[in-house]
Number of protein chains: 2
Amino acid sequence: MTSRPSRPRDRGIPEATVARLPLYLRALQGLSERGIPTVSSGELAAATGVNSAKLRKDLSHLGSYGTRGVGYDVEYLIYQISRELGLTQDWSVAIIGVGNLGRALANYGGFGTRGFRIAALLDAAPEVVGRRVAGLTVRHIDSLEDVVSNEDVSIGVIATPAKAAQGVCDRLIAVGVTSILNFAPVVLNVPDHVDVRKVDLSIELQILAFHEQRKSAGRQGSDWVDVLDA
Amino acid sequence: MTSRPSRPRDRGIPEATVARLPLYLRALQGLSERGIPTVSSGELAAATGVNSAKLRKDLSHLGSYGTRGVGYDVEYLIYQISRELGLTQDWSVAIIGVGNLGRALANYGGFGTRGFRIAALLDAAPEVVGRRVAGLTVRHIDSLEDVVSNEDVSIGVIATPAKAAQGVCDRLIAVGVTSILNFAPVVLNVPDHVDVRKVDLSIELQILAFHEQRKSAGRQGSDWVDVLDA
DNA sequence: CCCACTTTGTGCGTGCTTTCACAAGGGCGT
DNA sequence: ACGCCCTTGTGAAAGCACGCACAAAGTGGG
């Protein structure tokens, strides 16, 4: 959803593949911790819930890193995927909004451990500013511009209420942030060169409800119930 | 496919459309609160960041609810989308795992307002059980089976550590839950009739990092040599 | 009543994604 | 060295999704 139609030729890795690479990476890290040296596409596919042909095609976009008859070297593949995703360098992340969700994100282990460093927590509420959360002191939102410049923040995470999100987004972009992860339930308006990914908890629930309804409708036998007719 | 000309409606709504319906719904509810009675596909498309033709095609899967020359009746469309998503009934949700994330979810306003009722919060840690969170008393995980049966829970939200997730998932399925929203960073193993949606915070960040890396690589002019396909 | 204007609903071409099926490559036991 | 068995990498085909462009349908003014 972040790709734009007017983009010049995109000679790189398909978006659908990029979205799956982190999944493979996590599975591989699990194998690595268990000391498993090699893995076949079938095994890795089973561990990630992906079709094995799709997995092979995904990996083929990175290069030919497998060995026929054997499989893939776990450590080498971890390195290659990490490199492709840009995780061999550290990215500084600022979290704006230290409510329940912001705190959850700050304490979420997955962030700090691999490739991401939480550079700052920012909030507007006086009762939150100054408190320590996840080893960091929450700073006031007014220092956003300073923090982004000084800490070289390139990814902003918006966990504010919906009303504040666009304003925060604009300020992030104004100081050079070009990647934004948005948890606020609004559609952010951004220029073309900025990537936005959105995570919306209630949308996910609504999609589940749709399928759940379909299942229980079938169970009950009452098919189309076309009551209203203009 | 296999659309019968005699039937006005084809009930098979594409998955991509289903994923966007909640987006339209939220925008429409905003219009409704502002007292706007009708909206054109162009306006609604602008508000949701979607191509207007795509929006019309999405809505056409629900039926012909628009008026040519005028647009769509906001209230009527809200009702139709809600009905299609199954939000005209209330769904009971159980949240398992009341850590930082679980608390954030419990306090997330968007749940209760839109067809979802948090029926229970469950956790295994003694220091959490018994505490009140978001107006509910946290119950011990051992009462999961009782809660699901008595409260008619059909959607389970897993916000536990990764290690506990599969076990909780199995127990949910064993008592009849068929829709699961999983925040734990593991691939859940479930039978075919169970729907799982996964929200993974670090995966989203990694996808952003990929695009960010590509942008800064271009800016910096690294030793990347682009090779045109033959 | 008629005409100009607006907006929906959709046929169709295009490009991306997934899946199948298999040739090519590599290891291993004998 | 040889042949068997395994697994990768990839054409090719099928399936989806997207967006253009336009006919159909409805509104409102004169």
Side-chain angles (χ1 to χ4, degrees), chain A residues 1-21 23-24 28 31 36-74 76-77 80-81 207 230, chain B residues 1-5 7-10 12-21 23-24 28 31 36-74 76-77 80-81 84 207 229-230:
Chain A
M1 294 301 144
T2 50
S3 63
R4 295 193 342 91
S6 66
R7 199 110 147 190
R9 64 242 176 269
D10 186 69
R11 204 155 43 262
I13 299 176
E15 191 59 32
T17 295
V18 172
R20 282 186 295 267
L21 288 180
L23 203 63
Y24 305 150
L28 287 164
L31 295 175
I36 297 172
T38 61
V39 66
S40 71
S41 65
E43 292 165 333
L44 192 53
T48 53
V50 165
N51 177 296
S52 71
K54 180 156 64 175
L55 188 147
R56 287 198 299 277
K57 188 155 285 186
D58 282 344
L59 295 184
S60 76
H61 285 111
L62 312 187
S64 286
Y65 297 137
T67 305
R68 293 172 192 236
V70 176
Y72 300 88
D73 182 276
V74 170
Y76 189 54
L77 198 50
Q80 290 298 341
I81 293 178
I207 296 172
Chain B
M1 51 169 72
T2 68
S3 61
R4 291 155 199 200
R7 276 295 150 208
R9 286 221 222 130
D10 186 350
I13 298 179
E15 193 57 33
T17 293
V18 172
R20 281 186 296 266
L21 289 180
L23 204 60
Y24 306 149
L28 287 165
L31 296 174
I36 296 172
T38 62
V39 66
S40 71
S41 64
E43 293 164 333
L44 192 53
T48 52
V50 165
N51 177 291
S52 70
K54 180 157 63 177
L55 187 147
R56 286 197 299 277
K57 192 161 288 187
D58 282 345
L59 295 184
S60 76
H61 285 112
L62 313 188
S64 288
Y65 297 138
T67 305
R68 294 172 193 237
V70 177
Y72 299 88
D73 182 276
V74 170
Y76 189 54
L77 198 50
Q80 289 298 342
I81 294 178
E84 197 63 49
I207 296 171
D229 303 36

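Within every chain, numbering begins at 1; the chains are lettered A, B, ... in the order of the sequence lines, protein sequences first and strands thereafter.
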Which nucleotide in the set C:dG9, C:dT7, D:dC20 lies at the smallest distance from any side-chain heavy atom of B:S40? C:dT7

Taking salt bridge (charged side-chain N to carboxylate O under 4.0 Å, His left out) as the definition, give me every residue that meets it alongside B:R56, ordered by chain and number, with sequence neighbours left out. none

Residue list, side-chain contact (heavy atoms from CB on, under 4.5 Å) with B:T17, at least two apart or on another chain: B:I13, B:P14, B:R20, B:L21, B:D58, B:H61

Partner set under side-chain contact (heavy atoms from CB on, under 4.5 Å) for B:P37, not counting sequence neighbours: none

Degree of bending, the helix from C:dC1-D:dG30 to C:dT30-D:dA1 (end axes from five pairs; round to 10°): 10°

Within this structure, what is the CG-CD1 distance for the pair A:L28 and A:I81, rounded to the nearest 0.5 Å? 5.0 Å

Look at B:S41 and C:dT8 and indicate whether a side-chain polar atom (N or O) is within less than 4.0 Å of OP1 or OP2. yes

Under 4.0 Å between a side-chain N or O of B:Y72 and OP1 or OP2 of C:dG9? yes

Protein within reach of the bases, or only the backbone? For nucleotides 22-30 of chain C, mark each nucleotide 5' to 3' as B, S or -, using heavy atoms under 4.0 Å. --BBSS---

Less than 3.5 Å apart, which donor and acceptor atoms pair up between the side chains of residues 62-71 of chain A and the rest of the protein, not counting sequence neighbours?
| from | atom 1 | to | atom 2 | distance (Å) |
| --- | --- | --- | --- | --- |
| A:Y65 | OH | A:L62 | O | 3.3 |
| A:Y65 | OH | A:Q80 | OE1 | 3.1 |

Could you run down the sub-3.5 Å N/O contacts of the protein with nucleotides 16-18 of chain C?
| from | atom 1 | to | atom 2 | distance (Å) |
| --- | --- | --- | --- | --- |
| C:dT18 | OP1 | A:R20 | NH1 | 3.0 |
| C:dT18 | OP2 | A:R20 | NH1 | 3.1 |
| C:dT18 | OP2 | A:R20 | NH2 | 2.8 |

For atom NE2 of A:H61 and atom P of D:dG9, their distance in whole Å: 12 Å

Which pairs count as ring-ring contact (aromatic ring centres under 6.0 Å, His included) when at least one residue sits in residues 40-59 of chain A, sequence neighbours excluded? none

